[in-house]
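First up is the structure itself, then whatever we jot down about it.
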2 protein chains.
Amino acid sequence: MPNLNSAATGTIPSATATDTDTTPSSNNGASDKDPSPAKEPLRAKVGLRPKATTILDVAARASVSHQTVSRVLNDHPAVAPATRSRVLAAMRDLDYRPNAAARHLAGRRGHTVGVLVYGVSYFGPTQMLASVEQAARARGYSVTVIFVHNLTVQGIEEGVRALRAGRVDGIIMITPLHQVEASRHHEILDDVPYVLVDAEPMPDRAVVAIDQFAGGRAAAQHIALLGHRRIAVLRGPDEWYDATSRYQGTISLLAQRRLLPVLTLSGDWTAASGYQVTCDALAQGAAFTALIAANDQMAVGAMRAIQETGKVVPTDVSVIGFDDLPESAYFNPPLTTVRQDFRALGAASLERLIDLIETPQQNPPSSVLVPTLMVRSSTAAPPKE
Amino acid sequence: MPNLNSAATGTIPSATATDTDTTPSSNNGASDKDPSPAKEPLRAKVGLRPKATTILDVAARASVSHQTVSRVLNDHPAVAPATRSRVLAAMRDLDYRPNAAARHLAGRRGHTVGVLVYGVSYFGPTQMLASVEQAARARGYSVTVIFVHNLTVQGIEEGVRALRAGRVDGIIMITPLHQVEASRHHEILDDVPYVLVDAEPMPDRAVVAIDQFAGGRAAAQHIALLGHRRIAVLRGPDEWYDATSRYQGTISLLAQRRLLPVLTLSGDWTAASGYQVTCDALAQGAAFTALIAANDQMAVGAMRAIQETGKVVPTDVSVIGFDDLPESAYFNPPLTTVRQDFRALGAASLERLIDLIETPQQNPPSSVLVPTLMVRSSTAAPPKE
DNA sequence: AGCTGTGGTCCGTCGTCAGAT
DNA sequence: GATCTGACGACGGACCACAGC
């Protein structure tokens with residue numbers, strides 16, 4: 001028997017009942033395409049509190065108990081199909097939206113993942129964040145983000161603390177620290193499921209990464225095959241796993257061909273740093289026919305520095321980068337680079353995290369994506385001597 | 001609000017689960033061993049869930065009532081300083097973290113702001129997002145982000161819906177649509193406080209923007225003052241407020257000097273589009289000595305196209321952009337551009353939103369930041385004829 | 001009067017458990 | 001025996017009224 005239905009929302013003492021019709025502006029008489037008005041909730045805009053439609057309103061509308069509504073919400077098996085669809089219809093009619101906070105409090109999960117990001121100005125982290133969000137939304141999760149401003153254990157710890165205060169179900173760490181530092185994550189993160197992105201694969205940790213070592217090899221191989229022998233390497237910051245891993249890959253391939261970098265420079269990922277260190281090196285008379293930069297921004301800076309000395313890329317010096325920014329194909333000259341699929345990486349990390357959250361006690365293998373070489377016009381055979 | 005950042009790090013705080021010694025059977029005399037009897041809220045006997053430290057634990061530790069703890073948490077005035085610090089100490093000792101979900105449910109606010117972002121690949125939105133987050137954290141709010149993948153009313157509506165489902169206290173819209181479209185936001189957003197970022201200033205709406213019109217004028221003025229008369233303009237997408245506003249500013253200044261663009265092109269912000277349309281124009285024999293691009297990426301593409309025809313920037317053609325990417329100073333040649341302070345914009349928008357949330361019923365004036373011209377090497381006087 | 005404790009309700013949802021059909 | 005209902009107690013905290021020292 002349907003109990004007190006009627007004005008499911010009728011509370012709100014005073015308030016304007018239904019008189020809001022003739023207001024001068026706004027209006028917009030047509031109400032979308034829904035021909036069945038049914039029970040228009042229609043918040044009073046004067047009222048202070050939004051007064052949400054709850055599970056009880058839905059129950060009343062569908063003439064079921066709130067418990068049944070709850071079951072529908074949670075995909076409980078014991079609900080007759082007919083009832084289920086009645087409930088769903090009621091939810092639609094009332095524009096019901098479950099209260100995330102209440103669910104979170106009562107149930108165990110909040111359907112929220114936290115993402116810790118370092119490096120806003122860099123292309124990769126941003127792309128990953130976006131694809132994580134996209135994937136999360138598809139899975140019914142929302143994303144809380146924290147940008148870490150200094151890549152230290154302390155800075156990360158602070159960010160994690162903030163995320164945990166928000167009670168996220170799990171955390172994705174786009175903070176490419178090294179194993180040593182990363183091992184400390186475990187203490188901080190305690191019992192929260194987490195995934196390390198683009199970090200060093202470690203046993204007992206969920207890591208999703210791009211094979212930077214292979215990338216470093218690919219870049220070096222490309223340069224070596226062109227015939228270069230006087231090769232400079234421009235590294236990224238030592239604290240970054242990506243940076244050292246790429247470097248090692250590069251060195252590894254060169255060694256295999258009995259080559260050694262004639263020069264090793266080190267920047268902070270920015271074009272400014274690439275420019276600066278390359279300028280310095282050139283000023284000191286460094287001679288190289290190819291430069292392997294750890295990312296595209298530094299490559300740009302390096303090219304600029306080289307060009308300022310009157311040399312031509314790639315005729316005099318070849319330059320190769322990493323990442324493949326959307327602009328990289330349009331630099332002058334278009335930049336040869338090693339492309340990373342950041343979006344795939346982000347999506348994969350989210351899937352891994354959801355696995356951890358929803359199927360606890362597992363130990364998923366770290367997964368690794370392979371980067372691809374994009375040959376453009378900033379590399380060529382070395383000049384004849 | 002009290003500072004909950006604990007530096008405690010004591011090993012495993014919060015009542016380790018008594019670590020049942022060896023034999024699980026017998027013993028356990030059931031003799032109440034709890035030194036602080038107080039209230040024992042009857043935890044689940046089957047230890048499935050993690051059990052959190054609550055306000056009650058803190059109260060017990062500080063020998064005060066839960067009410068007092070609550071007062072401390074909410075900055076209620078009527079708490080003696082001595083008591084307050086005792087409570088704070090207790091919170092620190094216990095590594096207490098307020099349960100966001102519970103606060104949200106009980107109180108009205110969840111201390112969460114939603115950010116709707118369009119344009120991941122673009123520099124500006126990302127920067128703004130990061131600075132919003134930073135500012136939010138400083139104010140005790142966390143940030144939930146949604147990336148919109150197609151800039152239509154529908155796409156935005158979808159994003160807003162997702163944010164509202166997460167029960168955010170307010171929304172920052174980094175979705176630079178035009179007034180026409182933006183007016184629809186009001187329906188969608190209903191009663192949620194929101195701020196439009198980098199959108200057209202409108203009465204009755206909170207808007208925080210950069211004065212793109214002024215930026216457009218600045219760019220045009222720079223070009224005009226160099227003596228150019230055959231000027232091409234490369235616009236951004238029409239749907240973007242930034243794009244049209246910059247364009248209008250440019251036109252406005254040119255008109256003032258009795259000039260008209262000899263050519264108007266239109267791209268989608270990407271370097272690829274800038275390259276493409278410029279190539280096409282040049283192939284058709286377009287002749288111009290300067291090009292005003294609506295952003296730096298398109299400027300890069302345009303420069304590339306120009307350079308491929310054998311012309312030199314800026315000797316033959318000057319190019320100016322907008323934004324000032326971190327790389328822009330290192331392009332070949334270094335790009336003259338109009339710089340926008342995205343970080344300031346983000347921070348300002350957050351402050352505005354918090355105002356709206358915490359002091360409802362106000363109508364804050366839209367605030368506007370002014371961009372600055374950065375003169376570098378991609379612009380020069382036109383070639384002598 | 002200035003501080004603190006007691007006792008209570010409420011927020012919206014999830015679980016459980018005994019019954020009803 | 002499937003499918004539901006109704007009642008009640010968590011969950012962790014906000015906020016209110018009132019009383020007490």
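Source: prediction; values computed, not measured. Throughout, protein chains are lettered first and strands after them, A, B, ... in sequence-line order, and every chain is numbered starting at 1. For the numbers below, each heavy atom of this structure counts, side chains included, while hydrogens, waters and symmetry mates do not.
Across the protein-nucleic acid pair, Asn99(A) atom CG and dT13(C) atom P stand 6 Å apart, rounded to whole Å. If you take CZ of Arg86(B) and C1' of dG5(C), they are 13 Å apart, rounded to a whole angstrom. Between Ile55(A) atom CD1 and dC11(C) atom C1' there is a gap of 14 Å when expressed in whole angstrom units. Here dG5(C) presents its C1' atom at 13 Å from CG of Leu56(B), a figure rounded to the nearest Å. The separation between Leu94(A) atom CG and dG12(C) atom P is 14 Å, rounded to whole Å. Between Asp75(B) atom CG and dA14(D) atom P the separation is 11 Å, expressed in whole Å. Computed from coordinates, the Arg97(A) CZ to dT13(C) C1' distance equals 17 Å when rounded to whole Å. Following rounding to the nearest Å, Arg84(A) (CZ) and dA2(D) (P) show an atom-to-atom distance of 17 Å.
The side chain of Asn74(A) contributes an N or O atom lying less than 4.0 Å from OP1 or OP2 of dC14(C). Regarding contacts with the backbone of dG5(C), a side-chain N or O of Thr68(B) is found under 4.0 angstrom from either OP1 or OP2. Phosphate contact (OP1/OP2 of dG13(D), side-chain N/O of Arg103(B), threshold under 4.0 Å): absent. Between Thr54(B) and dG12(D) there is no side-chain polar atom (N or O) within less than 4.0 angstrom of OP1 or OP2. Applying the 4.0 Å criterion to OP1 and OP2 of dC14(C), one finds that Ser70(A) has a side-chain N or O inside that range.
Positionally, the nearest nucleotide of DNA chain C for Ser65(B) lies more toward the 5' end than for the other of Ser65(B) and Leu105(B). Comparing Arg167(A) and Ala82(A) by the nucleotide of DNA chain D that holds the closest heavy atom to each, the one mapping nearer the 5' end is Ala82(A).
Among the protein residues, Val64(B) comes within range of the sugar-phosphate backbone only, with heavy atoms under 4.0 Å from sugar or phosphate atoms but none that close to a base. No contact: His104(B) has no heavy atom under 4.0 Å from any strand.
Atom CD of Gln67(A) has more than 12 heavy atoms from other residues, nucleotides or ligands within 6.0 Å.
In this structure, the side chain of Arg167(A) does not engage the main chain of Leu105(A) through any donor-acceptor pair within 3.5 Å. Here the side chain of Arg86(A) pairs a donor or acceptor atom with the backbone of Ala62(A) at under 3.5 angstrom. With hydrogens and angles ignored, the 3.5 Å screen pairs a side-chain donor or acceptor of Asp169(B) with a backbone N or O of Thr112(B).
Counting atom types as modelled, Arg71(B) pairs a side-chain N or O with a base atom of dG5(C) as donor and acceptor under 3.5 Å. In the interface, the side chain of Gln67(A) is not paired with the base of dT13(C) through any donor and acceptor atom under 3.5 Å apart.
Paired with Glu358(A) under the rule side-chain contact (heavy atoms from CB on, under 4.5 Å), one option of Ile354(A), Asp355(A), Leu356(A) passes, and it is Ile354(A).
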